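Encoded as structure tokens, the structure appears first; notes follow it.
The structure presented is a predicted model; accordingly, all values stated were derived computationally and were not measured. Numbered from 1 within each chain, the chains take letters A, B, ... in sequence-line order.
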Protein chains: 2
Amino acid sequence: MEKPILSESQEDYLKEIFKLRELNLNVSMQDLANKLNVKPPSVTGMVKKLCAMNLVEHEPYKGVQLTETGEKIALEILRHHRLLELYLAKHLNYSWDEIHEEAERLEHVISEKFEAAIAELMDHPTHDPHGDPIPSADLVIPDSPELAPITLHKTGHQLTISRVMSQDKDILNLLSRLELIIGRKITIKGNESTGVRLKVNENQYLIPHSIAKLVWCHDDEKAD
Amino acid sequence: MEKPILSESQEDYLKEIFKLRELNLNVSMQDLANKLNVKPPSVTGMVKKLCAMNLVEHEPYKGVQLTETGEKIALEILRHHRLLELYLAKHLNYSWDEIHEEAERLEHVISEKFEAAIAELMDHPTHDPHGDPIPSADLVIPDSPELAPITLHKTGHQLTISRVMSQDKDILNLLSRLELIIGRKITIKGNESTGVRLKVNENQYLIPHSIAKLVWCHDDEKAD
DNA sequence: AAAAATATTTAGTTATAGCTAATAATATAT
DNA sequence: ATATATTATTAGCTATAACTAAATATTTTT
């Protein structure tokens, strides 16, 4: 079965289904409509089309999921996106909060050649600047260390920030002003009703749970 | 007057009108249809739309031309395209014949930030790998030395290849196999009915006029 | 088990940008 | 000046991917 030619819109649907599936158990039409900024009837129409192309399967009220072919395509786009994000940051001096938008547009138009060229140039990286894993050229997602959001880690342990689950400019800006960036070592000082108290480079902050749960860390004191 | 938001298709129309205007005196609907690979009625429709947006002017049977605003946009796209071509060649190891296609897709989606970043990185270049002038950031086309196609130069004079008027893969491949590339010094040995006899690096070739007229040169023996 | 709330689909519309077939306008050649 | 050829437009169609309003199906709550 050769690779079908898809519109950018269709690629976005596949990508979103993949990303939502990683989080939730099932992906509703509503979920998709929200993420893609379209109305539910548009989703019905497109999902129907993708079903006919054997890229997704859909059981009403139970969820949408990708077929093997659909997943391959989603991973391809995700690889483009994440390679591009890293490339923009490393080679074109983009800041953390600028890379997502640009990659979002470029991911659909770069050729295999372009993909290979930047991957090569960066020595086949496995993670992008947000800590998201970059699917390999043969579309396998690399293993990541065992991660959990700050909110689920034990008080007192030293953690390494390894992934940030947001692409929102304002949130990313806030996090980088607080120095809560990939690779930074932090310690949880306390978990209060108003938020989590952190020690970061000798400073202490209280950050709300809504922010804390976006920051995923590795526990340096837990052998695994 | 702020910059209108255009579709990629509309950008392509403006770009083609600009490029054709550089060559011909007037640009017919047919010319546009040919270059853009669409049928004449599609051109009528789109030109009408662009007229309404004050980006082009059209007198039937006399030609289409860009307004000032239209030209600004065309130059912007051309700048994207040519910067990208050079960038792909210099930083991602693309060969001469591969850059055009990729740039054709990327030119519509890169941001001002991306444009500025690669321009900066390459130290604000004035010409792309085909010798085409790159409009400056404020959209002025840089001066080029006085150029003419090989077919119009004098026999015996030493010439420097400065611009190649084709984006066709096969032609570019042929030219690079003959070492007829930007910067190469050549001498015209004779002008025959079958073609032009050239000396290139100790070798001599006879190249057909159809190819010779695509290769534009500067006459090193003529002071200007 | 019925009512209410939520989720999904259907029906019909819009905009963009192409297309073909046929017509009209202009330019060129006899 | 008339006929022919060329160029351009009109009318009407197609596909994609959105949309709204209304209807239907399912799940959840009471």
Side-chain angles (χ1 to χ4, degrees), chain A residues 3-17 20-21 23-66 70 73-74 77 104-105 107-109, chain B residues 3-17 20-21 23-66 70 73-74 77 104-105 107-109:
Chain A
K3 211 186 290 178
I5 293 149
L6 301 185
S7 67
E8 299 195 2
S9 185
Q10 290 170 336
E11 291 180 348
D12 280 335
Y13 276 81
L14 298 180
K15 187 182 64 170
E16 277 315 327
I17 293 165
L20 285 169
R21 262 262 152 182
L23 301 174
N24 312 322
L25 211 48
N26 36 224
V27 175
S28 71
M29 305 303 257
Q30 274 296 352
D31 292 343
L32 272 175
N34 295 149
K35 282 288 176 183
L36 293 164
N37 289 307
V38 298
K39 305 292 176 192
S42 309
V43 178
T44 301
M46 185 59 92
V47 164
K48 197 175 272 180
K49 217 173 292 179
L50 295 171
C51 277
M53 297 166 92
N54 270 298
L55 300 174
V56 310
E57 277 159 12
H58 177 219
E59 282 208 70
Y61 301 91
K62 301 199 65 183
V64 185
Q65 65 185 106
L66 298 172
I73 298 171
I77 304 295
E104 201 72 9
R105 277 175 285 114
E107 64 186 6
H108 303 290
V109 305
Chain B
K3 212 186 288 177
I5 291 147
L6 301 185
S7 67
E8 298 196 2
S9 186
Q10 291 170 335
E11 291 181 348
D12 280 334
Y13 275 81
L14 298 181
K15 187 181 65 170
E16 277 315 327
I17 294 166
L20 285 169
R21 262 262 152 182
L23 301 174
N24 312 321
L25 211 48
N26 37 223
V27 176
S28 70
M29 305 303 259
Q30 274 295 351
D31 292 342
L32 271 175
N34 296 148
K35 282 288 177 186
L36 294 164
N37 290 307
V38 298
K39 304 294 174 190
S42 308
V43 178
T44 300
M46 185 58 93
V47 165
K48 196 175 273 179
K49 218 173 291 180
L50 295 171
C51 277
M53 297 167 92
N54 270 298
L55 299 175
V56 311
E57 276 158 13
H58 177 219
E59 282 208 69
Y61 302 91
K62 300 199 67 183
V64 185
Q65 65 187 106
L66 298 172
I73 297 172
I77 303 295
E104 202 72 9
R105 275 174 287 114
E107 64 186 7
H108 303 291
V109 305

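- The distance from the CD1 atom of A:Ile73 to the CG atom of A:Leu66 is 9.0 Å, given to the nearest 0.5 Å.
- At a threshold of 4.0 angstrom between heavy atoms, the contacts of B:Glu59 with the nucleic acid are absent.
- Counting only heavy atoms from C-beta outward, the side chains of B:Gln30 and B:Val43 never approach each other to under 4.5 Å.
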Using a cutoff of under 3.5 Å, can you pull out all pairs of nitrogen or oxygen atoms linking the protein to nucleotides 27-29 of chain C, with atom names and distances?
none

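- Residue B:His58 has a polar side-chain atom (N or O) positioned under 4.0 Å from OP1 or OP2 of D:dT9.
- The OH atom of B:Tyr13 sits 14 Å away from the P atom of C:dT16 (whole-angstrom rounding).
- Between the side chains of B:Asp12 and B:Ser9, no donor-acceptor pair of N or O atoms lies under 3.5 Å.
- Residue A:Lys39 comes nearest to A:Ala33 through the heavy atom pair C-CB, 4.0 Å, listed as atom of the first residue, atom of the second, then distance.
- Of the residues in residues 32-43 of chain A, those placing a heavy atom less than 4.0 Å from an atom of DNA chain D are A:Asn37, A:Val38, A:Lys39, A:Pro41, A:Ser42, in numerical order.
- Rounded to an integer number of Å, the gap from CG of B:Asp31 to P of D:dT6 is 15 Å.
- Note that CD of A:Glu16 is 14.5 Å distant from CZ of A:Arg21, once rounded to the nearest 0.5 Å.
- Formation of a donor-acceptor pair under 3.5 Å by the A:Gln10 side chain with backbone atoms of A:Ser7 is found in this model.
- In plain terms, the two heavy atoms of A:Val27 and A:Ile17 that are nearest each other are CG2-O, 4.1 Å.
- Closest heavy-atom contact between A:Leu14 and A:Leu50: CD2-CD1, 4.1 Å.
- Put simply, A:Gln10 has a side-chain N or O that comes within less than 4.0 Å of OP1 or OP2 on D:dA17.
- The side-chain heavy atoms of B:Cys51 and B:Val47, taken from C-beta on, include a pair separated by under 4.5 Å.
- Taking atom CG of residue A:Leu6 and atom P of nucleotide D:dT16, one finds them 12 Å apart after rounding to whole Å.
- Neither OP1 nor OP2 of D:dT16 sits under 4.0 Å from any side-chain N or O of A:Ser9.
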### Verdict with supporting geometry, B:Lys15 and B:Glu107, salt bridge (Lys or Arg N to Asp or Glu O under 4.0 Å)
CA-CA 11 Å; B:Lys15 187 181 65 170; B:Glu107 64 186 7; 2.6 Å; yes
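- Between the CD atom of B:Glu8 and the C1' atom of C:dT16 there is a distance of 13 Å, rounded to whole Å.
- Remark: P of D:dT27 and CD of A:Gln30 are 15 Å apart, rounded to the nearest angstrom.
- Heavy-atom distances under 4.0 Å link DNA chain C to B:Met46, B:Lys49 of residues 44-52 of chain B, given in residue order.
- Minimum heavy-atom separation, B:Met29 to B:Thr44: CE-CA, 3.6 Å.
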